[in-house]
2 protein chains.
Amino acid sequence: MADQRALGVRIEDVARAVGVSRATATRALRGQGRIAPATRERVRRAAEELGYVPNLMATELAAGGTGVIGLMLRDAANPVYGQLFSCLEVAAVRAGVELITVTIGSDPRGERQVQALRRLLGMRVAGLLVATGGVDSTQLEPFAAEVPMVRVGRPEASARVFAESYDEEWHGHQLAERVRALGHRRVVVLGAAPETSYGEHLRAEALAGALAGLDVRRVATGPDPTDGVGAALAEVDAGATAVLCASDVRQLAVLRALATRGASASTTGWDGLMPGVDLLGLTTVRMPVEEAAEAAVARLAGLLADEPLSVPTHRSWRGELVPGRTLTEPEPR
Amino acid sequence: MADQRALGVRIEDVARAVGVSRATATRALRGQGRIAPATRERVRRAAEELGYVPNLMATELAAGGTGVIGLMLRDAANPVYGQLFSCLEVAAVRAGVELITVTIGSDPRGERQVQALRRLLGMRVAGLLVATGGVDSTQLEPFAAEVPMVRVGRPEASARVFAESYDEEWHGHQLAERVRALGHRRVVVLGAAPETSYGEHLRAEALAGALAGLDVRRVATGPDPTDGVGAALAEVDAGATAVLCASDVRQLAVLRALATRGASASTTGWDGLMPGVDLLGLTTVRMPVEEAAEAAVARLAGLLADEPLSVPTHRSWRGELVPGRTLTEPEPR
DNA sequence: GTGAAAGCGCTAACAC
DNA sequence: GTGTTAGCGCTTTCAC
């Protein structure tokens, strides 16, 4: 197998070992162009023996660009992104495209995002998948001009950036209907400011909109899951019977606080991706991550293959309501 | 900002726009070598205006290798790996090194892993972080000869591969002591075969070892979390009072099955990283992911900086027992 | 302080 | 079928 200085082995060394030219060795290794089967075998064997590892930089430079597509991902510690990441990977394998990932942790101003994008572009990726909410259309636009770009998991304003997102409007309706049907009259919606988390902001808006007619108290959260929980509980003390959260992580924080204070109220969340949702009895909406991921990769693959685009620029996918024990009829007071 | 064909802009274009040579433009942009401050400014401005994005392939080819370190990660859908991923990212940022990630989903024979390693090596990464259990020492060895390699989260047999792992032996002891102290006499240990999940195999071994003296029933699980759950419940029916799992995901599966069947037994898990551990009342061990990640990156950074190695080749970190409601005294029968 | 030229490792016409 | 040649875009001595 690979011997000591295998990384120093160039294709030239392989060629020489077999007694052919570099071009022939290339053909043998890439399996393209006319070449004698026997030669090909000899070259392959030699490459194997020498532990030849092609230098991708050189390969891609010479070949002019790479077929790889870049993925910009947000913090994977969040189960939501971890799941999305995984689905994107699966989809990529299925579509036969290579994925190269760059992640950014929290990044309030979107600077690291832009930097990460440049890094990806520097690698001359063939396409870009943007799976992070923190960067907005205006920051994306200039790059979209260079390479096809698909945003996943968040809607997009620009017509030049494609998007496969979630139908949060509809999700909000599902949740709202349930809350309303159970008889809640005064509820608190825990949402984020657009800068904090665009996704949660959107969800809270959708939810509040769908709850029109009820007494809806809005509470803004910060980046930390526990932000705003205190304010929400105060609303509960003041008579609200349900705390509606824009993510399951927030919902957990609320449940924790409720338990600690010995208080009780209905709660709902959003995402439905945590391993124990069922056991915890969370009421939430399961995001259609698989579909969105699959669609995003398929679209990008189509774009790269120069297929005429047959689907709308922006699409959104519907998940499903997960009824749980956390949402019940309001308790009589 | 970047205009239309910015990806077509080469350093040569920037140089020409300013009326200098390529060499000067390079110096200006990289900020190395002697150059007139005024020229540097003009070049920088021109690059900005033209939206020049340096071609990393060319850069790294010419410069001979990259400072980037490669990370091979297992499926991020698993909260455990997602968390580890995130911690590694954070550590990398702090250490000032760039990370490039390749993930592999499930991969029974370790083939995709090896392929992923080759891909990373093809990019001539300066170092390698291996955060997946599925590939064993003999597969790693040949690559370790080429570039410094640190395995994280799993112990390593080879002396040529560094490792920052978890002290599962100790973790097993903690758990076992608790189980024993509560008075369980007959328990079932749900573990995996080494090929299925080396990590879980190790944990089950540690646990079983620490439980010496009790009546320990071993049940093997498969790749799916529900594999082996039926067998475990059968043991419970036959008199076992606790089901000890090698991961929290398994523990959830057991809890689910227990609830469905209306049966009851104590359970324990391993990992402690799921968002709702506390609310679920899981008994588990919280892995020291942060420490291991930090240590792995720091070690690699040190290796790359040619610092003399001051710590043992293989280290392991201790997490902490998380007592939960799922582990209680055995119920009288 | 700046430019000319060599070359990183590989691929892809185009000859033979 | 196989070898020759000309780059891919950038960095880096080495002169000037």
Side-chain angles (χ1 to χ4, degrees), chain A residues 5-44 46-47 50-68 118-119 121-126 146, chain B residues 5-44 46-47 50-68 118-119 121-126 146:
Chain A
R5 288 291 324 122
L7 283 189
V9 177
R10 291 151 313 162
I11 197 168
E12 167 132 32
D13 302 319
V14 176
R16 189 158 26 208
V18 182
V20 296
S21 71
R22 259 174 23 230
T24 301
T26 295
R27 281 189 286 259
L29 264 12
R30 316 203 92 218
Q32 314 177 342
R34 291 187 317 212
I35 189 170
T39 319
R40 185 174 53 213
E41 259 328 293
R42 277 163 54 226
V43 174
R44 293 205 161 151
L50 294 171
Y52 169 65
V53 179
N55 184 320
L56 288 178
M57 265 97 207
T59 304
E60 293 171 346
L61 217 209
T66 124
V68 174
R118 294 183 68 91
R119 207 163 109 56
L121 283 184
M123 305 187 87
R124 295 301 185 268
V125 292
E146 325 243 324
Chain B
R5 290 291 322 121
L7 282 190
V9 177
R10 291 153 311 164
I11 198 167
E12 168 132 32
D13 302 319
V14 176
R16 189 157 28 210
V18 182
V20 296
S21 72
R22 264 177 17 234
T24 303
T26 294
R27 281 188 286 259
L29 264 13
R30 316 206 90 220
Q32 313 177 341
R34 290 190 314 217
I35 190 169
T39 320
R40 184 174 55 212
E41 259 327 294
R42 278 163 53 225
V43 173
R44 293 206 162 149
L50 294 171
Y52 169 66
V53 180
N55 184 321
L56 287 177
M57 265 94 207
T59 304
E60 293 171 347
L61 218 211
T66 124
V68 174
R118 294 183 70 89
R119 207 164 107 57
L121 282 184
M123 306 186 85
R124 296 302 186 265
V125 291
E146 325 243 322

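Residue numbering restarts at 1 for every chain, and letters A, B, ... go by the order of the sequence lines. Note: hydrogens, waters and symmetry copies are ignored here, and every other heavy atom, side chains too, is used.
The shortest distance between the side-chain N/O atoms of S21(A) and the OP1/OP2 oxygens of dT4(D) is not below 4.0 Å. Residue T39(B) has a polar side-chain atom (N or O) positioned under 4.0 Å from OP1 or OP2 of dT2(C).
Partners of A46(B) under the side-chain contact (heavy atoms from CB on, under 4.5 Å) rule, at least two apart in sequence or in another chain, are V14(B), V18(B). Remark: A17(B) pairs with L50(B) by the side-chain contact (heavy atoms from CB on, under 4.5 Å) rule, at least two apart or across chains. Residues passing the salt bridge (charged side-chain N to carboxylate O under 4.0 Å, His left out) test with R40(B): none are found, sequence neighbours excluded. Residues satisfying the side-chain hydrogen bond (donor to acceptor under 3.5 Å, both in side chains) criterion with R119(B), sequence neighbours excluded, are E98(A).
At a threshold of 4.0 angstrom between heavy atoms, the contacts of L61(B) include nucleobase atoms, whether or not backbone atoms are also involved.
In this structure, the side chain of R118(A) does not engage the main chain of V53(B) through any donor-acceptor pair within 3.5 Å.
Between Y52(B) and D13(B) there is no side-chain heavy-atom pair separated by less than 4.5 Å.
Within the structure, side chain to side chain donor-acceptor pair (under 3.5 Å) pairs that include any residue of residues 17-32 of chain B comprise S21(B)-T24(B) (at least two apart or interchain).
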Scan the side chains in residues 55-63 of chain B for donor-acceptor partners under 3.5 Å anywhere in the protein, sequence neighbours excluded, and list what turns up.
unit_1: N55(B); atom_1: OD1; unit_2: M57(B); atom_2: N; d: 2.8
unit_1: N55(B); atom_1: OD1; unit_2: A58(B); atom_2: N; d: 3.2
unit_1: T59(B); atom_1: OG1; unit_2: N55(B); atom_2: O; d: 2.8

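Comparing the start and finish of the helix from dG1(C)-dC16(D) to dC16(C)-dG1(D), five pairs each, the helix axis swings through 30°, to the nearest 10 degrees.
One atom, CG of L56(A), and another, P of dG9(C), lie 14 Å apart when rounded to the nearest Å. Residue L121(B) contributes atom CG, which lies 16 Å from atom C1' of dG9(C) at whole-angstrom precision. Rounded to an integer number of Å, the gap from CE of M57(B) to C1' of dG7(C) is 19 Å.
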Check: Can you give one letter per nucleotide of nucleotides 10-16 of chain D, going 5' to 3': B for a protein heavy atom under 4.0 Å from the base, S for sugar-phosphate only, - for none?
Finding: BBB----
